[in-house]
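Following this message is one structure expressed as structure tokens.
Values reported hereafter were calculated over all heavy atoms of this structure, with side chains retained and with hydrogens, waters and symmetry mates removed. Just so we're on the same page: letters track the sequence lines, and every chain starts at 1.
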Amino acid sequence: MAEISLTFPDNSQRQFEAGSTTLDVAKSIASSLAKKAVAGQLNGTLVDIEQPLTQDGNFQILTSDDAEGLKVLRNTATFVLGAALKKIHADIHFGEHQSSDDGFYLDTDRAAGQVTVTELPEIKKVMAKIISANQPIERRVADKADLLNEFKDDPYQESLLNAQDAVQVAVYQLGNYTSFGDRALLKSLAPLKHYELLSVAGAYWQGKSSNPMLQRIYGTAFYKAPELEADLKRRAEIKERDHRTIGRDLDLFFVDPEVGAGLPYWMPNGATIRRVVERYIIDKEVANGYQHVYTPVLANLNLYKTSGHWAHYREDMFPPMDMGDGEFLELRPMNCPSHIQIYNHHNRSYRELPIRIAELGMMHRYEKSGALSGLQRVREMTLNDGHTFLAPEQIQDEFKSVLKMMMEVYDDFNITDYTFRLSYRDPANTEKYFDDDEMWNNAQAMLKQAMDDLGLDYYEAEGEAAFYGPKLDVQTKTAMGGEETMSTIQLDFMLPEKFQLTYTGADGQEHRPVMMHRGIVGTMERFVAYLMEMYKGAFPTWLAPVQVEVIPVNLDLHTDYVKDIQKQMAAKGLRVKVDLRNEKMGYKIREAQTQKVPYTLVVGDQELADQSVSVRRYGEKDAADEPLQEFIQSVQADVNNYSRTTETSANSSIEAKLDK
RNA sequence: GCCGUUUUAGCUCAGCAGGUAGAGCGCAUCCAUGGUAAGGAUGAGGUCACCGGUUCAAAUCCGGUAAACGGCUCCA
């Protein structure tokens, strides 16, 4: 009898009879392991627990405690969901499905009427029936040709089958529901007890917007009830962190349909946060050699024809305004052409380089209506934009210095949760970009080299570049779990060419500069939204719209003192609100807490007599008396220190690399 | 833009076998003058998103438009 050799995670090796199953292997190790085992993993591929093993290789037994073991449960849930849908709608077709850390989904299509959310409870009932019947799911290996015949009326399954290289395909079957593809399912449906169907949403077949749209059913499943409960609770709590919820509760911004979708209004509270960020970043940039400018949001369309925006970015631009005299004005979608005009306004010498032009530049992009979302995705936005014009040999140093400034800013805002992404053009779709293979390859290689030299971790993504050049993007997560670009550094050889930019070199000849586009805090809209979510609305003192709220114990006796405190603090540039409404103290304190004001002061006879204040910090239950002057100084220190509690820099290791 | 859902007072929502609207919070006024998370009373506030249709009668049924939400595609 032939034998196979399995290497376990601890590197030990054992021989088994060919055709042994994961369950056999588990039993040979420990009966407790056999009980917990849900599947195996051979050379990275999931195998069913009773699937015969015929190959040597690295082998791992997956249990209900493993992340991969959870996937097996979710694969099984997806399968049962499919079986249930097939029972309810015999004519339903299935697209792709997936299990992940966040749950599972199954794509469906039904010509007679798509599945909707209202059907989910019924579907769940049918799933429960299938699970309690607990018929074994039959696994077999079938000829691709036979399967093609079986699925000849289902274009999606047919297409998925044709994409398979193998002649033989693994098939799972339960009743008249058949599903193929390599994956592991549970042997018994019994452990599938704690699951939920969450939502239904449209999804393009194979992710292409030119393809038909299927209905994607999302769900999740766990081995243990408390895990499911915790996950559902987590999903409910996402809403509390969502910047749209916080924006309304704290009166930060709104979007008014009467005005237009994607055109947010900043209320005084939100405007205050934005103003603090704007002042901060302008000061920072000026200190780092940037020259801040103001340029118009409107420009002659020709500017964007020259830049290539009209050719490559038109879909995202508002339609030009026909002025009636042959002139067309365009709302700018990017600031780069404007800054190029600034560069071009004078003759430039190599001695001036690098020239750094910066602006909080307002731009307009006609985003697709379905993409709009609060402040995260808008049609009018203000970018913390900067363009450096430099000589080619200055690229490396400038890249490093931008990155260094970025890390310093992240430190001040206490931002630590992000990843670097190198964004390249899509090689299969080059017509979307400026056409110059050599420049693209060069620029991409230079960016990668710079990151490697610095020893920074990053991942690479094709198809994410700007149309004029590759980018280093800093990716962050929204409360909803979406990934978004916050900061970006872009290398551009194209626009200097298009605009015929030059500088006079030491040799007296004209040379072409390189452009570096960069945004540090990104757009004010997205950045402030990010801060809202990161802090759950409880902004640190230096950013908080209201830093201190003062409440008198008795309106008749203490109003003067409250006003005096406000006056003194306002004189120091602090943002103080007094609450002189005819309400009880407890009521006002509650409101100050729900509005997440960093410091709530209560003053009565005692405080008035001592010229002190009773200080209660946000989120704390207790209050403590403190001399007024001492308190004012401590708040000032808090603000000046960007409300950092520790001196150590979260990004220090990266900064150290940059200093080398 | 696409698929699905939703749209009722400033906010959160109820009403919907078709018979022209309700609650809580908030707001205003009055009473209560209160020491660390909601004191009481009274009152104002809505052409039920908008435009059409069906009907004796539409917030409720049907169609269209817009916006929001969940996703997909796209993106700072």
Side-chain angles (χ1 to χ4, degrees), chain A residues 105 107 109 114-119 198-218 239 242 244-245 248-249 251 254-262 313 315-316 333-335 361 363 365-378 381-385 423 463-464 466 471 473-476 480 482-488 490 517 519 521-527 529-530 551-558 581-594 600-607 614-616 620-624:
Chain A
Y105 67 71
D107 286 349
D109 186 36
Q114 299 291 4
V115 173
T116 67
V117 264
T118 53
E119 269 184 83
L198 299 166
S199 63
V200 179
Y204 293 111
W205 165 237
Q206 297 192 319
K208 285 208 185 83
S209 57
S210 52
N211 282 345
M213 182 152 274
L214 310 184
Q215 297 308 117
R216 179 167 294 177
I217 302 174
Y218 286 90
K239 219 182 158 193
D242 192 313
R244 291 166 296 190
T245 307
R248 191 193 58 233
D249 290 349
D251 205 19
F254 67 91
V255 185
D256 183 357
E258 300 277 312
V259 175
Y313 205 72
E315 265 187 26
D316 296 270
M334 293 188 195
N335 305 310
M363 7 186 250
R365 297 183 184 176
Y366 192 76
E367 298 291 337
K368 304 235 165 68
S369 58
L372 301 174
S373 177
L375 286 180
Q376 267 156 1
R377 226 25 214 291
V378 294
M381 69 215 88
T382 299
L383 184 66
N384 160 228
D385 212 351
S423 300
E464 299 289 347
K471 315 189 279 176
D473 291 322
V474 182
Q475 300 298 109
T476 54
M480 296 294 291
E483 192 181 278
E484 287 192 316
T485 302
M486 181 177 306
S487 310
T488 177
Q490 306 167 3
H517 309 237
V521 295
T523 62
M524 303 321 297
E525 287 75 12
R526 186 171 285 182
F527 189 69
Y530 180 81
I551 297 167
V553 173
N554 180 302
L555 273 179
D556 290 333
L557 302 176
H558 310 125
R581 288 178 303 172
N582 200 6
E583 292 291 348
K584 295 194 82 156
M585 233 186 74
Y587 179 91
K588 295 178 183 178
I589 289 167
R590 177 176 186 271
E591 193 171 273
Q593 292 293 309
T594 56
T600 304
L601 307 183
V602 174
V603 295
D605 289 340
Q606 188 63 46
E607 288 76 14
S614 168
V615 184
R616 177 173 167 155
E620 287 178 10
K621 272 240 153 272
D622 301 321

Counter-base of G22(B), judged by Watson-Crick or G-U geometry with both distances under 3.5 Å: C13(B)
Touch class at under 4.0 angstrom, heavy-atom based, for A203(A) against every strand present: sugar-phosphate
Check: Y204(A) side chain, G1(B) base, donor-acceptor under 3.5 Å: yes
C1' gap between G24(B) and G15(B), integer Å: 15 Å
Any donor-acceptor N/O pair under 3.5 Å between A68(B) base and R244(A) side chain: no
Watson-Crick or G-U wobble mate for C72(B), both contacts under 3.5 Å: G1(B)
Touch class at under 4.0 angstrom, heavy-atom based, for V378(A) against every strand present: base
Separation between the C1' atoms of G53(B) and A21(B), rounded to whole Å: 24 Å
Sugar-phosphate, base or nothing in reach of D605(A), heavy atoms under 4.0 Å: base
Under-4.0 Å side-chain N/O to phosphate OP1/OP2 contact, R216(A) with G70(B): no
Partner nucleotide of C50(B) by Watson-Crick or wobble geometry (both distances under 3.5 Å): G64(B)
Nucleotide forming a Watson-Crick or wobble pair with A28(B), both distances under 3.5 Å: U42(B)
Closest heavy-atom pair and its distance - R377(A), A371(A): CG-O, 3.0 Å
Gap between atoms CG and P, on D242(A) and A68(B) respectively (whole Å): 14 Å
Test item: side-chain donor near acceptor, D605(A) and H558(A), under 3.5 Å: yes
Y587(A) side chain near A32(B) phosphate (N/O to OP1/OP2, under 4.0 Å): no
Polar side chain donor-acceptor pair, D109(A) to Q114(A), under 3.5 angstrom: yes
Sugar-phosphate, base or nothing in reach of G586(A), heavy atoms under 4.0 Å: sugar-phosphate
Rounded interatomic separation in angstrom, taking CE from M486(A) and P from C75(B): 19 Å
Touch class at under 4.0 angstrom, heavy-atom based, for L372(A) against every strand present: sugar-phosphate
N or O in side chain of R616(A) less than 4.0 angstrom from G35(B) OP1/OP2: no
Between A28(B) (C1') and N582(A) (CG): distance, integer Å: 13 Å
Value in whole Å for how far the C1' atom of U73(B) lies from CZ of R377(A): 10 Å
Sugar-phosphate only, base, or nothing, as touched by T600(A) at under 4.0 Å among non-hydrogen atoms: nothing
Sugar-phosphate, base or nothing in reach of E367(A), heavy atoms under 4.0 Å: base
Atom-pair distance (NZ on K368(A); P on A76(B)), nearest Å: 13 Å
Under 3.5 Å donor-acceptor pair, T523(A) side-chain atoms to A76(B) base atoms: yes
Sugar-phosphate, base or nothing in reach of F527(A), heavy atoms under 4.0 Å: nothing
Atom OH of Y366(A): over 12 foreign heavy atoms under 6.0 Å: no
Pairwise C1' distance, A57(B) and C16(B) [rounded to whole Å]: 15 Å
Sugar-phosphate, base or nothing in reach of K471(A), heavy atoms under 4.0 Å: sugar-phosphate
Pairwise C1' distance, A68(B) and A49(B) [rounded to whole Å]: 11 Å
C1' atoms of A38(B) and C27(B), separation to the nearest Å: 16 Å
Short side-chain N/O contact from T116(A) to OP1 or OP2 of G4(B), under 4.0 Å: no
Separation of the C1' atoms in A9(B) and G1(B), to the nearest angstrom: 34 Å
Euclidean distance for C1', C51(B) against U7(B) (whole angstrom): 15 Å
Any E525(A) side-chain heavy atom under 4.5 Å of T382(A) side chain: yes
Side-chain donor-acceptor pair present, R365(A), Y313(A), cut-off under 3.5 Å: yes
Side-chain donor-acceptor pair present, Q475(A), T485(A), cut-off under 3.5 Å: yes
K588(A) side chain near A38(B) phosphate (N/O to OP1/OP2, under 4.0 Å): no
Contact nearer the 5' end of RNA chain B, comparing S373(A) with R526(A): S373(A)
Watson-Crick or G-U counterpart of G35(B), or none if no pair lies under 3.5 Å: none
Pairing of K471(A) and E464(A) as salt bridge, 4.0 angstrom limit: no
Value in whole Å for how far the P atom of A76(B) lies from CZ of R365(A): 6 Å
d(CD, Q215(A); C1', C3(B)) in whole Å: 5 Å
Residue whose nearest RNA chain B nucleotide is more 5′ - G262(A) or L383(A): G262(A)
Under-3.5 Å donor-acceptor pair between E607(A) side chain and G35(B) base: yes
Separation between the P atoms of G70(B) and G22(B), rounded to whole Å: 33 Å
Atom-to-atom span, CE of M363(A) to C1' of C75(B) - whole angstrom: 11 Å
